[in-house]
Amino acid sequence: MEIQNEYEPPKPKGRWARLMQMVDRSKKIRYSSIREARRAVLNFFIYVIFLALASVVTQTTNNVPMYYLNDAMHRQVIGRRVPMEPGLISKYTDIDSLDRYWDFVLYTFLPLLSSGDFKSTDKESIWEFTNETNQFNGIYGDIYNRVILHGNVLLGPPRFRQIMVERGHCKKCAPFTKHMDTCYAPYTWSNERRSDYRGTKWVGMWADGALPIIGEIEVYLGAGYIKSLSYDNEFNFRLVKHLRDTKWIGRSTRIVLIELSLFHVNTRLFESVKLKVERPATGGLVPSYSLRSLRQETFFTDSNWAIQIVVCSYYLMVVLFTFREIRIIKKTGFCKYIRNTINLADFTCYVCSYIILLIHVERFFYLSSIMNIIKTSDRYINLDWASIVAVIYNNIAAITIFLAWIRILSFLVFNRTLVIFVNVVRESTSEMVGFLLMFIAVGMAYAECGMTFFGHNDKQFYNLESSLLTMVSLVVGEFRFDSFKVKETKTRIYFMSFVIIVYALLLFAFLAIINCTYDEIQASMKTRAFKLGLVIRLFFRSLYDLIYYIFCGKRKKRVKHDKDMKSELATDQRIDPQEAAQRAAMRRHLLQNPVTLTQTEYLPRRIECAAKRVKALEEVTGPVLKRLIGYYNTFRREQDQE
């Protein structure tokens, strides 16, 4: 009859079962014995490989040419300083009137469309350029007039787009009625103009394939009225002058956009350029811009075979780790599983990895359809959906790689200080939640108070978002009183009270919570001596023994270490001097006044002492009995096989 081993589960049969057992053990990070320390080191190196693969996979849609393409467009369009008025040289972000806006379009934007590295007196020279210009062969239409800068092909003619509001959606002021019989309110979705405007039909977002426009002032929920340019520069110049002279941008206009989509043939990058100018109901112009570069390649079409190998290896490891998480969830239940911080980080990381894969599948079909359109027509291609998918992908990839790096902290508990730190963070979570709520309440109070005090004339407090960001910058030390425009007594009281409450009270309360929790855990926590240093020494010793055996032909005799032996539990021996004096006084008191036991108290005390000795004996003999039972089971299996 075979004796069951209650200390060690039976070894799994089969390579897949052994692999899954190794994956299951990767979450049990302990360094209290040689076997556990070796397993933890092996799992650490496996996770480092996973982390390296994750770093490559999450950066597949970003590369250096994308930055330089955006930078080139910024320097050519946004950052270029041109004369807009006699004696005035400014750039796009300095536009504050319609006259300057039309000057920018006529003398900065349109010349950009008429210049390019491939444009010369001979149109055929475009096919003889020293770079890889033969990639133009797969693009439909007259390439010569569509190339700007260095190999950027226009995906359709650039266009103007404006969103307007209906008249009469605001209350009229009686004294000015005879001078201004109409009024135009700020933009809302309900008062957006949708009727024809000077022979141009209104276009909805769904019909145009556009997305809501996020401006500096409002979010605009329509495509609006579109005026397309052409590839003929003389025609574009006449059209823009006509729009300026006929006042195409009127009082009801709330935002005007110049949009163009580009495809760079040498780097296979798409570029979406949007130059936005908002015109609030109060007057003036608020310029902003959006530059977004997109890669054509995905996981499946990347020409670099090394990237494809990395992606396949990464998702193979994700699948193995997913099976591990499923097994753990089946054993513990999802609610108990998700309450663990490490489990939550792993679960979120793997879910984000699968979402990244789905996004690449979607991008593959979407960009393939765009390339088919490029080969068959030269109409304008709106890249709004591709841009928003790229933003979502970057956000998810950032969360994935962040959690992957945070997860590596679970392997770094190889000494007592780090173990105490991890437990301090775990134990102080509940107190931190209350402190965070208090901090948010104080921050909101000062943010809204600042909006009331300074919001009418200071940009740092003109809305709630800017006011909250200003509070955060003050907390981290960016305290510049001179940058605020209001120099009154209430301003001084506002900032002095903020410093006293936040710095002198809240931040010191936070440090007090951490210090108290640290002292409690340090005094009560029992840890074992860690074997990581011994494992590293044994590794180098075994490497030396191998080299010695190769060159000398014999093995060195070494003392064998018990792989499963664990040291005794111990606490921190550093005791506070006051506590040490109290303990010494207590010992002296016990020596001077010995406690005598009565006959009824003697027997229970002896039984209690005997029970402690039996328990200590079990702790000493337990590992030995476990090994003997294992040897006996192995012997019986061999006997049964014979």
Side-chain angles (χ1 to χ4, degrees), residues 63-80 82 92 104-160 227-240 257-275 289-297 303 367-384 386-387:
N63 56 18
V64 176
M66 294 175 67
Y67 165 76
Y68 282 109
L69 180 58
N70 280 335
D71 183 64
M73 294 303 300
H74 184 276
R75 285 186 282 108
Q76 291 287 336
V77 181
I78 309 300
R80 174 178 290 183
V82 293
Y92 173 76
F104 165 79
V105 175
L106 288 170
Y107 306 117
T108 301
F109 179 72
L110 293 183
L112 175 70
L113 302 180
S114 63
S115 62
D117 294 346
F118 300 137
K119 293 186 178 181
S120 62
T121 56
D122 183 11
K123 292 186 177 182
E124 298 299 328
S125 64
I126 188 173
W127 311 106
E128 300 175 0
F129 200 79
T130 55
N131 288 341
E132 299 176 3
T133 54
N134 56 354
Q135 297 184 34
F136 287 123
N137 292 330
I139 300 177
Y140 177 86
D142 184 9
I143 299 298
Y144 177 78
N145 288 326
R146 295 172 59 189
V147 177
I148 65 174
L149 298 180
H150 186 75
N152 289 284
V153 180
L154 287 169
L155 301 181
R159 65 182 190 176
F160 285 92
K227 280 286 186 181
S228 296
L229 300 177
S230 69
Y231 302 128
D232 186 355
N233 298 310
E234 295 182 359
F235 172 82
N236 292 338
F237 195 80
R238 291 194 302 269
L239 176 62
V240 172
L257 297 91
I258 301 176
E259 299 177 307
L260 64 155
S261 300
L262 305 171
F263 178 66
H264 193 262
V265 294
N266 292 331
T267 57
R268 315 295 291 178
L269 294 177
F270 293 97
E271 179 76 11
S272 176
V273 180
K274 294 182 184 296
L275 307 178
Y289 60 91
S290 173
L291 305 176
R292 175 68 61 180
S293 56
L294 310 167
R295 287 191 66 188
Q296 181 193 353
E297 286 82 7
S303 58
L367 295 179
S368 298
S369 65
I370 289 179
M371 295 305 297
N372 291 331
I373 295 173
I374 293 174
K375 295 176 182 178
T376 56
S377 67
D378 60 350
R379 64 182 178 86
Y380 178 80
I381 295 177
N382 198 329
L383 298 176
D384 286 359
S387 300

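Just so you know, these numbers use all the heavy atoms, side chains as well, and skip hydrogens, waters and symmetry mates.
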Kindly give the heavy-atom pair with the smallest separation between S230 and F235, and that separation in Å. OG-CD2, 3.0 Å

Do R295 and R268 have side-chain heavy atoms sitting under 4.5 Å apart? no

Does any non-hydrogen side-chain atom of F263 lie less than 4.5 Å from one of L269? no

Can you tell me how far apart CG (D378) and CD1 (I373) are? Round to the nearest 0.5 Å. 12.0 Å

I need the minimum non-hydrogen distance between V77 and F104, along with the two atoms involved. O-CE1, 3.7 Å

M73 vs E271, side chain to side chain contact (heavy atoms under 4.5 Å, CB included): CA-CA, chis, key distance, verdict: CA-CA 9 Å; M73 294 303 300; E271 179 76 11; 4.0 Å; yes

Gap separating the CG atom of L155 from the OH atom of Y380, nearest 0.5 angstrom: 9.0 Å

Look up atom NE2 in H74 and atom OH in Y289, then write down how far apart they are to the nearest 0.5 Å. 3.5 Å

Check each of L367, I381, L262 against F270 using the side chain to side chain contact (heavy atoms under 4.5 Å, CB included) test, and report the only one that passes. L367

Are side-chain heavy atoms of I258 and V105 found at a separation under 4.5 Å? yes

On a heavy-atom basis, which atom in N372 and which in T376 lie closest, and how many Å separate them? O-OG1, 2.9 Å

Apply the test side chain to side chain contact (heavy atoms under 4.5 Å, CB included) to residues M371 and Q296: give CA-CA distance (whole Å), side-chain angles for both, the deciding distance (0.1 Å), then the verdict. CA-CA 9 Å; M371 295 305 297; Q296 181 193 353; 3.6 Å; yes

From I78 atom CD1 to L291 atom CG, the distance as rounded to the nearest 0.5 Å: 6.0 Å

Can N233 and F237 be said to form a side chain to side chain contact (heavy atoms under 4.5 Å, CB included), step by step? CA-CA 6 Å; N233 298 310; F237 195 80; over 6 Å; no

Least distance between heavy atoms, M66 atom then S293 atom: CE-O, 3.1 Å

Interatomic distance, S228 atom OG to E259 atom CD [nearest 0.5 angstrom]: 9.5 Å

Indicate yes or no: at least one non-hydrogen side-chain atom of R159 is less than 4.5 angstrom from one of N382. yes

Does R238 have any side-chain hydrogen bond (donor to acceptor under 3.5 Å, both in side chains) partners at least two apart in sequence or in another chain, and if so, which? none

Nearest heavy-atom approach of G156 to R146 is N-NH2, 4.3 Å

How long is the gap from CG on L154 to CD1 on I148, to the nearest 0.5 Å? 4.5 Å

Looking only at non-hydrogen atoms, find the nearest pair between F109 and P158 and report the distance. CZ-CB, 4.2 Å

F160/L229 under side chain to side chain contact (heavy atoms under 4.5 Å, CB included): CA gap, chis, key distance, verdict: CA-CA 8 Å; F160 285 92; L229 300 177; 3.9 Å; yes

Sequence-distant partners of N63, side-chain hydrogen bond (donor to acceptor under 3.5 Å, both in side chains), two or more places apart: none

